[in-house]
Structure formats: C-alpha cells, structure tokens
Trainee: 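To start, I am sharing the structure in question, which I have written as structure tokens.
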Amino acid sequence: EVDKENDTTVASSSSSSFTNFYAGNPLNRFSFRRTDASFLSSSLTSEHARFIPFFALKPMMTKDTNRLIYMKYQQIKPYIRDEWSTVADINVPLPRSREDGTDWPDIVFLGLDETSSTSSPSPSPSSSVDSQQEIIRPYFAIDITRIPSTIMSGFNVDGVEWADTRVTGGKMDRSEAAIIAQARHILDWHARNKFCATCGRKLYPTWAGYKRNCTPDDPTLVSDGTLPDSARPSCVSRRGQHASAYPRTDPVIIMAVVSSDHERILLGRQKAWPPGFYSCLAGYIEPGESLEEAVRRESWEEAGVQVGEVVYHSSQPWPYPSQLMLGCIGIVREGDQYSKIYLKNDPELEDARWVTRDEVKQVLMNGGADLSRAEVQQIDAAAAKEALSKAVEGARDDPPTFRIPPQTAVAHT
C-alpha cells in the first residue's frame, strides 16, 4: 500500500489543485447570459464595469508596475455602438461599420467579478447588474486596433504602454494574467476569422463576442463588385447548426520525459531558439489521438525515445494565440535502448539531452529561466539566423550551462 503522505513517485507530482500561470481566472463567465440583451446592456453601461483596451493584441498596462489599466463606460462610449445588440435569430445581421466606413471595435464580455459580493453568486435571470445590493463588477475587453488614429486621443495616457505580455511575463499579477489570457485569446480569434469558411461571406459577432455568424441576405456586402450579396445562393452550411464559428482552442501536449529511474529529464531545443535555450518536448494532439498516445508519438518522433507510462500533471491556457497546454509526465520504458536519443526522425529539434536534477537546480539558481525582450521575439519569429549569432542580452557573472523557459510557462513547472 502506498504511503500518500510520503509518496515521492512521479505520479504523486501531479495535482488536480495545481494552478499554472494564465490559469486561475477570478471571473465568473456566465456563459448562459451571453444571449441576454438586457443583462449585457446593463452590464455594459454599469458604473462598476471595467473595460480592458487592447491594441494589436497588447493590453494597456502601467509601465512601472505592470498592472492592467481599466477604463469606464463613459470613457469608451464614443468608440462603441450606442447599445449592446445580440440576436437569437442568426438571420438578422448586426451593423458592422461606423458612419465613416470603419469597423466598430470588437467587444467581448469576459464575466463578472463577484469577489466584493457576499450575496448569491448568480444574479437572477430577470435582474440587472446594478440592481444587486452588493457590487458585482462586469469585465469587458475592447480591441481598438482598427479605430482611426484621429479619434484615439482618449487612449493616450501618460505612464502606460501597450504591453507585450510575453515579455512582462511573471511580473504581471497572476489574476490579471488569467484575465488577459481569456481576453487576448478571444480578440485574436476575432481578428483571424472575418469570413465564413463555407460561403465566403463576412462574419459578424454575437453571443457577447463568443460566436460569429454569416448571414444569407446582407445587402451591404458585394461579392465581386457587381453581384449584391442578396442575389447569391444561401450558404449551404445553413441547413444545420453549422453557419457559425466558435472560438478555437488547440490542444497541445507538453511533457517532462523522465528516465525510468526518475533521475533525469529529457530537454530539447529548436534551431531558431536563443543560444543555450532548452525546453520540454511538446506537440499538437492529432485527430483521433489520445493524450497518452500523443505523448508517446511526439517523444519518439522528436527524440527517438520510447515512453511507457504517461501521467497527467496540469494544464495551462496559452493565448499565443490559442493553445491549451496539457502538461504530462512521460516515463521512458526500462532498458538503455529505449532512452537513446535519435534526432533524424523529425528535423524539428537541433539538439536534445538528458539532464539531472542537480543540473536543473543549478540553472534555476543562476537565472537560467529569464528571457529578454529580444529573445522572446526570436522564439516567436522562429527564424533569423542573424539573431542566433547575437550575444544573449544581460550577461551573467555565473552563466548556466543551459537555459529553460520562464516561470510563466507550464514547461517551467
């Protein structure tokens, strides 16, 4: 029988209560109220509502403390529709453009912050936000990227910046980071999905930003410059509940592959990464593939090692742009032949190595989990041979032998 209090096996390291960075969102999303126009309108105009502006997927944050900047309804009112509109009938299009021809900014209802409320956590279906006795604070994200620069004066605030959250990383408040993850993921999805994949018509947002529909008869659209949209055949996908697009989430397994004696971990690096940077192996889960199968396949394809037992550890939303990282521990099968590294199956990795516990501890103690702004950009670009030859910013007195992801990544855990 296993002594759970003193269990040091790999399986004991997984925890259902473990919360990674970007997880632990404090907001109640109230997804069932996203089609309630009265509720959304009262939330939008509430004196307690908070709006998080984004520009090019970068939130507005303070320069010195890396905290989010929240705006009130009266501050963003000039940039949005007079009223929040939502429709149950997807045949009814919403106005998409301003009088000057520019698009209205995308707005997403993120949820309610009930931490200051001591009453029932769920407002009744017939009640509005401001009818509650205690403060219940609605949160929204607004993408102002396409707002003409001539009317953006309201967003020019001293001491703030449009922050690259990949760089600010662990300096952010964890609760705000989780809210950013939700907001950035949805706004990025809106920016990437403008047209119906079946008929090519423009999509319009509904469900408080969590759904996009195409419409069969929108006279404001012109297909080829001569044929009005109303004269085009109806979208064939409308015969079922298919003429809609929902936010995309891509499942990715990221695994700590450990030796059969649990004393070493396998780390790999891609060619485009900063010098000395190594991380856990990772890969997208393919159609018809289980989590365990994906761990075994990726371990063999990328590094040639053969994993037997797979243990789930924890997950992490990763809004760059839309991944759900599923952290696992993969234990290599017993026998030296199963732990030999072979990189010629898949050219993704430039190098892979087994490292000991002590080596990892040494890296952590010597700042090997810190990345500069330039290094983050280099990882994102995954290119530029010239960048690889540049010296790593911020030289250290006692540089580590290799480097690992920062604490914001589940790979660090």
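Values below: all heavy atoms of this structure, side chains included; hydrogens, waters and symmetry mates excluded. All of these numbers come straight from a predicted model, not from anything done at the bench.
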Trainee: Could you tell me whether the side chain of Arg137 and the main chain of His48 form a donor-acceptor pair under 3.5 Å?
Mentor: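 Checking the backbone N and O of His48 against the side chain of Arg137, a donor-acceptor pair under 3.5 Å is found.
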
Trainee: Under 3.5 Å, is there a donor-acceptor pair between the Asp358 and Thr356 side chains?
Mentor: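 Thr356 and Asp358 do not have a side-chain donor-acceptor pair below 3.5 Å.
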
Trainee: Given the rule in the ring-ring contact (aromatic ring centres under 6.0 Å, His included) test, do Tyr139 and Tyr70 qualify, once you have shown the distances and angles that lead to the verdict?
Mentor: CA-CA 9 Å; Tyr139 277 67; Tyr70 300 102; 5.6 Å; yes

Trainee: Say whether, by atom type as modelled, one donor and one acceptor occur between the side chain of Asp188 and the main chain of Arg184 under 3.5 angstrom.
Mentor: no

Trainee: Report the C-alpha distance between Phe21 and Gln316 in whole Å, list the side-chain angles of each, state the deciding distance to 0.1 Å, and finish with yes or no for side-chain contact (heavy atoms from CB on, under 4.5 Å).
Mentor: CA-CA 7 Å; Phe21 202 81; Gln316 178 191 38; 4.0 Å; yes

Trainee: Find the distance between CZ (Phe54) and CG (Asp143) and round it off to the nearest 0.5 Å.
Mentor: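 That separation rounds to 8.5 Å.
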
Trainee: Do the side chains of Arg33 and Ser43 get nearer than 4.5 Å, heavy atoms only?
Mentor: no

Trainee: Passes side-chain contact (heavy atoms from CB on, under 4.5 Å), Tyr79 versus Ile107? Steps please.
Mentor: CA-CA 11 Å; Tyr79 308 101; Ile107 300 179; over 6 Å; no

Trainee: Does some side-chain heavy atom of Tyr22 sit less than 4.5 Å from a side-chain heavy atom of Val410?
Mentor: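 SC-SC contact between Val410 and Tyr22 ruled out.
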
Trainee: Would the distance check show the side chain of Thr45 and the main-chain N or O of Ser41 forming a donor-acceptor pair, the cut-off being under 3.5 Å?
Mentor: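 Between the backbone of Ser41 and the side chain of Thr45 there is a qualifying donor-acceptor contact (under 3.5 Å).
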
Trainee: What is the minimum heavy-atom distance between Pro319 and Ala181, and which atoms define it?
Mentor: CB-O, 3.5 Å

Trainee: So do the side chains of Asp106 and Arg146 get within less than 4.5 Å of each other, counting heavy atoms only?
Mentor: yes

Trainee: Using a 4.5 Å cut-off on heavy atoms from C-beta on, say whether the side chain of Leu349 contacts that of Gln270.
Mentor: yes

Trainee: Show the nearest heavy-atom pair for residues Leu326 and Ser315, with the distance to one decimal.
Mentor: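 Closest approach of Leu326 to Ser315: CD2-CB, 4.0 Å.
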
Trainee: For residues Glu289 and Ile285, report the shortest heavy-atom separation together with the two atoms involved.
Mentor: O-CG2, 3.4 Å

Trainee: State whether a side-chain donor-acceptor pair under 3.5 Å links Ser314 with Asn20.
Mentor: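 Ser314 vs Asn20: donor-acceptor pair found between side chains.
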
Trainee: What pair of heavy atoms forms the shortest contact from Cys280 to Ala256, and how long is it?
Mentor: SG-CA, 4.3 Å

Trainee: So does Arg333 get a backbone contact from the side chain of Ser260, meaning a donor-acceptor N/O pair under 3.5 Å?
Mentor: no

Trainee: Any sub-3.5 Å donor-acceptor pair from Ser299's side-chain atoms to Val295's backbone N or O?
Mentor: yes

Trainee: Measure the CD-CG distance between Glu302 and Leu266 for me, rounded to the nearest 0.5 Å.
Mentor: 9.5 Å

Trainee: Assess the residue pair Cys196 and Leu203 against the criterion (side-chain contact (heavy atoms from CB on, under 4.5 Å)); give the C-alpha distance rounded to whole Å, side-chain angles, the decisive distance to 0.1 Å, and a yes or no.
Mentor: CA-CA 6 Å; Cys196 176; Leu203 295 171; 3.9 Å; yes

Trainee: If you measure from the Lys or Arg side-chain nitrogens to the Asp or Glu carboxylate oxygens, is any gap between Arg357 and Glu263 under 4.0 Å?
Mentor: yes

Trainee: Which word best sums up how the rings of Phe109 and Phe140 line up, parallel for under 30°, tilted for 30 to 60°, or perpendicular for over 60°?
Mentor: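 If you compare the ring of Phe109 with that of Phe140, the planes turn out tilted.
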
Trainee: Does atom CH2 of Trp354 have more than 12 heavy-atom neighbours from other groups under 6.0 Å away?
Mentor: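 Yes, CH2 of Trp354 has more than 12 neighbouring heavy atoms, counting only those of other groups under 6.0 Å.
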
Trainee: Kindly indicate whether the side chain of Val363, heavy atoms from C-beta on, has any atom under 4.5 Å from the side chain of Val355.
Mentor: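 Side-chain contact under 4.5 Å: no.
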
Trainee: How are the rings of Phe32 and Phe30 set to each other: parallel, tilted or perpendicular (split at 30° and 60°)?
Mentor: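 Tilted, since the angle between the ring planes falls between 30° and 60°.
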
Trainee: With the side chain counted from C-beta on, respond yes when Glu298 and Leu281 share a heavy-atom pair under 4.5 Å apart, and no when they do not.
Mentor: no

Trainee: Take the angle between the ring planes of Phe51 and Tyr73 and call it parallel below 30°, perpendicular above 60°, tilted in between.
Mentor: tilted

Trainee: Can you measure from OG1 (Thr249) to NE2 (His185) and round to the nearest 0.5 angstrom?
Mentor: 4.0 Å

Trainee: Take Met255 and Val307 through the side-chain contact (heavy atoms from CB on, under 4.5 Å) test and state the conclusion after the steps.
Mentor: CA-CA 11 Å; Met255 53 277 191; Val307 168; over 6 Å; no

Trainee: For residues Asn28 and Glu114, report the shortest heavy-atom separation together with the two atoms involved.
Mentor: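 For Asn28 and Glu114, the tightest heavy-atom pair comes out as ND2-OE1, 3.5 Å.
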
Trainee: For the residue pair Glu286 and Arg297, establish whether any side-chain heavy-atom pair is separated by less than 4.5 Å.
Mentor: yes

Trainee: As an exercise, state the distance from CG of Leu27 to CG of Leu112, rounded to the nearest 0.5 Å.
Mentor: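 Rounded to the nearest 0.5 Å, the CG-CG separation comes to 8.0 Å.
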
Trainee: Taking atom NZ of Lys194 as the centre, report whether more than 12 heavy atoms of other residues, nucleotides or ligands fall under 6.0 Å from it.
Mentor: yes

Trainee: Go through the side-chain N and O atoms of Tyr278 and Arg353 and say whether any donor and acceptor fall under 3.5 Å apart.
Mentor: yes

Trainee: Over all heavy atoms of both residues, which pair between Gln323 and Tyr284 is shortest? Give the atoms and the distance, please.
Mentor: NE2-OH, 2.8 Å

Trainee: Between the main-chain N or O of Ser31 and the side-chain N or O of Trp207, is there a donor-acceptor pair closer than 3.5 Å?
Mentor: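 No, because the side chain of Trp207 does not come within donor-acceptor range (under 3.5 Å) of the backbone of Ser31.
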
Trainee: So do the side chains of Lys72 and Glu47 get within less than 4.5 Å of each other, counting heavy atoms only?
Mentor: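 No, every pair of side-chain atoms sits at 4.5 Å or beyond.
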
Trainee: Between the side chain of Thr168 and the main-chain N/O of Lys171, is any donor-acceptor distance below 3.5 Å?
Mentor: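 No.
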
Trainee: Thinking salt bridges, do Glu350 and Arg269 make one under a 4.0 Å N-O criterion?
Mentor: yes

Trainee: Rounded at 0.5 Å granularity, tell me how far CD1 in Ile180 sits from CG in Leu187.
Mentor: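 That separation rounds to 11.5 Å.
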
Trainee: Which value, rounded to the nearest 0.5 Å, describes the distance between Phe39 atom CZ and Arg34 atom CZ?
Mentor: 10.5 Å

